[in-house]
Amino acid sequence: MPEWLDNSFFAMVGLVVFLGLMVFFGVPGIIGKMLDGKIKQIETDIAEAKRLREEAAALLVEYEQKRVAAEKEAEGIVAAAKEEAERLTVEAQASLADLVARRTAAVEDKIAQAEAQAIAEVRARSADIAIEAARSVLSDEMNKNGGKVVDAAIADVASRLN
């Protein structure tokens with residue numbers, strides 16, 4: 001038996017036959033299709049996350065505009081209340097001092113309530129959108145890593161909200 005016809009030669013022949021069979025049965029194509037499918041899924045997830053982020057940004061802008069409008073309206077209310085208070089002070093100084101104090105307090109309470117409500121709505125909606133985006137992105141991770149990813153995500157969301 002020749003010297004080159006040893007175990008290494010047969011191992012090399014076996015490897016060449018194995019690789020030939022893999023190519024013959026189209027295994028590289030199957031692997032490529034699987035990878036392409038996974039890439040498309042990841043691209044879809046990224047597009048969905050971007051869409052949700054854009055929605056959240058649009059809602060934030062909308063609520064910010066509502067807050068600014070509420071502040072302007074509140075400034076208008078305060079200005080109107082001051083003008084009315086000055087006019088009533090000229091007409092009846094004695095009886096009007098008590099009335100002005102009560103109306104000013106009521107307007108300030110209304111402004112504080114409107115501002116608190118607008119801020120609470122913005123925070124609540126932003127939190128809902130962030131949680132939904134996190135839930136969507138983390139659902140895939142949860143299948144892979146189980147409870148560790150969920151615990152870390154909940155802690156992260158809680159820390160950002162506070």
Would you give me the side-chain donor-acceptor pairs under 3.5 Å for residues 108-125, sequence neighbours excluded?
| residue | atom | partner | partner atom | Å |
| --- | --- | --- | --- | --- |
| Gln117 | NE2 | Glu121 | OE2 | 3.3 |

Under 3.5 Å, side-chain donor or acceptor atoms of residues 47-61 against the rest of the protein: list the pairs with distances, not counting sequence neighbours.
| residue | atom | partner | partner atom | Å |
| --- | --- | --- | --- | --- |
| Glu48 | OE1 | Arg51 | NE | 3.4 |
| Glu48 | OE1 | Arg51 | NH2 | 3.4 |
| Glu48 | OE2 | Arg51 | NH2 | 2.5 |
| Arg51 | NH1 | Glu55 | OE2 | 2.2 |

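Ser159 contributes a side-chain N or O that, together with a main-chain N or O of Asp156, makes up a donor-acceptor pair within less than 3.5 Å.
Both Leu5 and Met12 are assigned to one and the same hydrophobic cluster, defined by single-linkage of ILVMFWY side chains at heavy-atom distances under 4.5 Å. Leu15 and Phe24 are not part of a single hydrophobic cluster, where members link through side-chain heavy atoms under 4.5 Å apart. No continuous path of ILVMFWY side-chain contacts below 4.5 Å connects Phe18 to Phe9, so the two sit in separate hydrophobic clusters. Taking hydrophobic clusters as Ile, Leu, Val, Met, Phe, Trp and Tyr residues chained together by side-chain heavy-atom distances below 4.5 Å, Met22 shares a cluster with Leu35.
For Glu132, the side chain to side chain donor-acceptor pair (under 3.5 Å) criterion is met by Arg135, not counting sequence neighbours.
Taking both residues in full, the closest heavy atoms of Pro28 and Val23 are given as CD-CA, 4.3 Å, listed atom of the first, atom of the second, then distance.
Rounded to the nearest 0.5 Å, atoms CD (Glu91) and OG1 (Thr89) are 9.5 Å apart. From Glu73, atom CD reaches atom CD1 of Ile77 across 4.5 Å, with rounding to the nearest 0.5 Å.
By the 6.0 Å contact criterion, CG on Asn7 is open, its count of non-hydrogen atoms from other residues, nucleotides or ligands being 12 or less.
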Next on the checklist: Before you tell me yes or no, could you show the steps for Lys72 and Glu75 under salt bridge (Lys or Arg N to Asp or Glu O under 4.0 Å), namely the whole-Å CA-CA distance, both residues' side-chain angles and the distance that decides it to 0.1 Å?
Outcome noted: CA-CA 5 Å; Lys72 287 181 181 178; Glu75 289 173 1; over 6 Å; no
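Salt bridge Glu83/Arg87: absent, no basic N to carboxylate O contact under 4.0 Å.
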